[in-house]
Number of protein chains: 2
Amino acid sequence: MRLAVIGAGAVGRSVVELAGEHGHEVVAVADSSSAVVADGANGPDGRTPGVDPDAVVARKAERGIVGDGDPEDALAADYDVLVEATPTTLGDADPGFSHVTRALERDRHAVLANKGPVAERFGDLRAAVADSAGEIRFEATVGGAIPAVSTVEDIEPGHVTAVRGVLNGTANFILTRMAAEGLDYDHVLAEAQDLGVAEADPSFDVDGTDAALKCVILANVLSFGAVDDPADAREFTLDDADVEGIRDVPGSTLRLAAEDGRTVRLIGEATGETVRVAPRLVPENGTLAVSGTQNIVQIETTHAGRLNISGRGAGGPETASAVLGDVGRLK
Amino acid sequence: MRLAVIGAGAVGRSVVELAGEHGHEVVAVADSSSAVVADGANGPDGRTPGVDPDAVVARKAERGIVGDGDPEDALAADYDVLVEATPTTLGDADPGFSHVTRALERDRHAVLANKGPVAERFGDLRAAVADSAGEIRFEATVGGAIPAVSTVEDIEPGHVTAVRGVLNGTANFILTRMAAEGLDYDHVLAEAQDLGVAEADPSFDVDGTDAALKCVILANVLSFGAVDDPADAREFTLDDADVEGIRDVPGSTLRLAAEDGRTVRLIGEATGETVRVAPRLVPENGTLAVSGTQNIVQIETTHAGRLNISGRGAGGPETASAVLGDVGRLK
């Protein structure tokens, strides 16, 4: 497949670098201000040869741009799949939402790593897909390398009663370190920022917003998957989520919990009816008590009991792996 | 899709009962001596109406047969997907292998819960698929409800370096109980047999053969998935597996292990080069130390670190869930 990669952050760059290993070629790359589009001349097999992945990544590192073109050139290029990897935005979820709908209007596919459109405009996306020959997939929006969405899809959402888990590695790292070292939140946050595990402004992660967006996406999958007519489905957005982050978890709570063989994790849960994110007590050796930046997704099914999937929830190569897995699943 | 379900044990019966919930109809069912094929008259939408699932299951329970027809009637019926759920056989893997190749020769699909053909005749199956418009899928052969095969498939086998795990619930139950109660193997085996967790002849499970077959299947997936030309792939069979079961694990080993925070689990591991099953020491609160009849599959990837998937590895509804997930994934 020919990919147009929109977004040249860690995920976009990893998709550019790894696409070839999966048998795909990148024909266009765009960041917020620039683009590169592969030479229009037909390659030996009659197809447009792709961009040079190493050159694009190097150019971005050295000059801060991916090419001399305009982002519009990438959006208008001749591609099979648009990979939406621009930063998550809320509300109207633009520009990502418009990138996706434009691809669908052109009867192309879109694979998203950007949570915004899937969390905030799920109904509109579904409508755009219904009018298109293209499909959308969004495994990379929930749990990085963990195949959460495709597993729910295979079990069939009507047979899944809930999905819960640890969905934000930054918050989990902080809680793990607080418990392990008996340190308080501010101290561990600073450590996490030094390590690059937390951002300078960590609120998206520590306030539970990132975990909540992922749970909203899962709730939409469960809700729309359980009905035949999308008009009957309840659509979720971030506003529907009941969210509490980890800023107010004192070190004393963790010490008390440990005396009882428990610890605290930021747990998100989605059903077809509710979305909640909050710190919760869990058994310290139990399944939900993953450590460090690990994520875990726990899927409750009607016929197959509980499935637990844990792994790396974030990172360029990990998320790119999910994007390229989705490209492979397009029909 | 119209399903012909061959095999009316726990898995076959569950597929018959659950197919309707997944939007499929069962048009034929066969056990070793009988069959029922849906009325040939066209239903209101022009399609052959399916068999009555409850009636078929009840007939099997009361009379030991599924219908008044001959198994040949089911194999010759007009179906889209043949579900192969007859007991695993080794070597030539017949009759299961022939059921599958006959479906492929008719350009139909086959979904297997029967491990025999996939473990013992993988190369021959691949050749039969190459000459057919039909596909085969076999998620249900490894880890029951755990999406092991489809996860490896999505990551792409060339990007998976190893798959390991606890793949036999009977052996795991026995080891869990030995460790928890300080009892010896014979005592716990008897308990497992009373509970129906172990068979009267438990050797297939406790000698590691079942786990080994699952690992052989995974090794075949990794091996064939890593090359472009099947002729270049190494084919694995049960004979290639290095297998040690749990009969010789004494209670004393478990007690000694516990003093060091460890326990013993029957671990199977497959790479593109080797297959090994043996009891191994693992941290008692670690990921591989699943309890009771649970299974866990651990996938080592090149770009996405390690994924762990745990859940129910066996059971009628659980395995049927995997079969019906596969039907949904057919293109």
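In what follows, chains are A, B, ... by sequence order, proteins preceding strands, each numbered from 1.
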Taking every heavy-atom pair that is under 4.5 Å apart, which of [options] has the most such pairs with chain A?
options: Gly325(B), Ser310(B), Ser321(B); result: Ser310(B)
options: Gly315(B), Ala145(B), Ala322(B); result: Ala145(B)
options: Asp326(B), Leu18(B), Ile155(B); result: Leu18(B)
options: Arg312(B), Arg306(B), His22(B); result: His22(B)
options: Ile309(B), Asn308(B), Leu324(B), Thr319(B); result: Asn308(B)

**Study point:** Considering all heavy atoms, the nearest Gly311(A)-Leu307(B) contact
**Key:** CA-CD2, 4.2 Å

Study note, to complete from the structure: Shortest non-hydrogen pair, Pro317(A) vs His303(B), comes out as CB-O, 3.4 Å

**Study point:** Asp228(B), CG: over 12 other non-hydrogen atoms inside 6.0 angstrom
**Key:** no

Review point. Hey, is CG on Asp107(A) packed in by over 12 heavy atoms from elsewhere, all under 6.0 Å?
Key: yes

Could you pull out every donor-acceptor pair under 3.5 Å between side chains of residues 285-292 of chain A and any protein atom, sequence neighbours left out?
none

Exercise for review: Report yes if the side chains of Ser150(A) and Asp154(B) come closer than 4.5 Å at any heavy-atom pair, otherwise no.
Suggested key: yes

Check your understanding: In terms of side-chain heavy atoms, does His159(A) have a donor or acceptor partner in Glu21(B) at a distance below 3.5 Å?
Key -> yes

Point to revise | Heavy-atom pairs under 4.5 Å with chain B, option from Gly158(A), Ala320(A), Gly328(A), Gly305(A) with the top count | key: Gly305(A)

Practice item. With rounding to the nearest 0.5 Å, note down the distance linking CZ in Arg329(B) to CZ in Arg329(A). Key: 3.5 Å

